[in-house]
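Below: one structure, written as structure tokens.
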Amino acid sequence: MKKLFLFLCGLVMAGSLMAQGAKMPENITIKSLDGQSVQTSVVNNNGKPVIVSFWATWCKPCNRELDAIKEVYEEWQEETGVKLVAISIDDARSAARVKPWVDGKDWPYEVYLDQNKDFARAMNVVNVPHTFIINGDGEIVWQHTSYQDGGEEEMIEKVRELLK
């Protein structure tokens, strides 16, 4: 049983690391909060790092993470130029709640909808929150699933390392 558990853990780790160093897909259709179809190529920051956070309105850890980042986001932008793009995986039934949710939270991020989860699948997202750091060349350089209070500090440290 222990060997099976270790084997499965290894598979999960290998699967999550496969995307490391890969280019973020740019030709998948997602929607803006006003319902316009756009390509994932909009998820860029003109050569600077981008944090991509896959989340959902029903996901409490997702909301805690995005709320925590909101408190320091302006400082992060001034220091590093990083941009955060939040990708909601809410399905068609709950997608109508995303814009009012974001407006109510007053999040300063770009937010897009991935109702069919095409972008999430391409990025190997299984559970949310799943957060990526994309370097200025569009490569995935870091990723993390779940959220614990204070986890945003590890994220900004990774961004700072990219800029050295």
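Within 6.0 Å of atom NZ in K105, more than 12 heavy atoms from other residues, nucleotides or ligands are found, so the atom counts as buried in its surroundings. Around the NZ atom of K48, the shell of radius 6.0 Å holds no more than 12 heavy atoms that belong to other residues, nucleotides or ligands.
V126 and V52 are not part of a single hydrophobic cluster, where members link through side-chain heavy atoms under 4.5 Å apart. Both W58 and F54 are members of a single hydrophobic cluster when ILVMFWY side chains are connected at heavy-atom separations under 4.5 Å. In the hydrophobic clustering of ILVMFWY residues, with side-chain heavy atoms under 4.5 Å counting as a link, V128 and Y147 come out apart.
Between M155 atom CE and I133 atom CD1 the span is 6.5 Å, to the nearest 0.5 Å. Between atom CE of residue M123 and atom OG1 of residue T40 there is a gap of 9.0 Å, rounded to the nearest 0.5 Å. Remark: E65 CD to H144 NE2 distance equals 7.0 Å, nearest 0.5 Å.
Using a 4.5 Å cut-off on side-chain heavy atoms (C-beta onward), E78 and E74 make contact. Taking the side chain as every heavy atom from C-beta outward, T57 and V98 approach each other to under 4.5 Å. Taking the side chain as every heavy atom from C-beta outward, F132 and V125 approach each other to under 4.5 Å. With contacts defined as side-chain heavy-atom distances shorter than 4.5 Å, the pair L84/W107 does not qualify. Looking only at side-chain heavy atoms (C-beta outward), E110 and V85 come within less than 4.5 Å of each other. Taking the side chain as every heavy atom from C-beta outward, I134 and W142 never approach each other to under 4.5 Å. P49 is not listed as a side-chain neighbour of N135, based on a closest heavy-atom distance of 4.5 Å or more. The side-chain heavy atoms of H130 and N124, taken from C-beta on, include no pair separated by under 4.5 Å.
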Original post:
Could you go step by step and tell me if Q77 and T80 meet the side chain to side chain contact (heavy atoms under 4.5 Å, CB included) rule?
Top reply: CA-CA 5 Å; Q77 287 187 302; T80 66; over 6 Å; no
Original post:
Run the side chain to side chain contact (heavy atoms under 4.5 Å, CB included) check on V82 and V50 step by step: do they pass?
Top reply: CA-CA 6 Å; V82 72; V50 179; 5.9 Å; no
**OP:** Test Q115 against I89 for side chain to side chain contact (heavy atoms under 4.5 Å, CB included), laying out the working first.
**Re:** CA-CA 5 Å; Q115 293 176 3; I89 62 159; over 6 Å; no
**OP:** Test side chain to side chain contact (heavy atoms under 4.5 Å, CB included) on L113 and I30 and set out the steps.
**Re:** CA-CA 6 Å; L113 303 169; I30 54 179; over 6 Å; no
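For N63 and W101, the side-chain atoms include at least one donor-acceptor pair closer than 3.5 Å. Under 3.5 Å, the side chains of Q39 and T29 contain a donor-acceptor pair of N or O atoms. Under 3.5 Å, the side chains of T145 and N127 contain no donor-acceptor pair of N or O atoms.
Between the K158 side chain and the E153 main chain, no donor and acceptor come within less than 3.5 Å of each other. Y109 places a side-chain N or O within donor-acceptor distance of the main-chain N or O of L66, the cut-off being under 3.5 Å. Side-chain atoms of S88 never come within 3.5 Å of backbone atoms of A56 as a donor-acceptor pair (strictly under, hydrogens ignored). In this structure, D106 contributes its side chain and D103 its backbone to no donor-acceptor pair below 3.5 Å. Here the side chain of D91 pairs a donor or acceptor atom with the backbone of R93 at under 3.5 angstrom. Of the possible donor and acceptor atoms, none in the side chain of Y73 sits under 3.5 Å from a partner among the backbone N and O of K83.
Ion pairing between a basic and an acidic side chain is recognised when a charged N comes within 4.0 Å of a carboxylate O; K117 and D114 show no such pairing. At a threshold of 4.0 Å, the pair R160-E157 counts as salt-bridged, since one of the basic side-chain nitrogens sits closer than that to a carboxylate oxygen. A salt bridge links R64 and D149; the closest N-O separation between the charged side-chain nitrogens and carboxylate oxygens is under 4.0 Å.
The aromatic ring centroids of F119 and Y112 lie 6.0 Å or more from each other.
Counting all heavy atoms, side chain and backbone alike, C62 lies closest to P129 at SG-N, 3.4 Å. Heavy-atom minimum distance, N44 versus S41: ND2-O, 2.8 Å.
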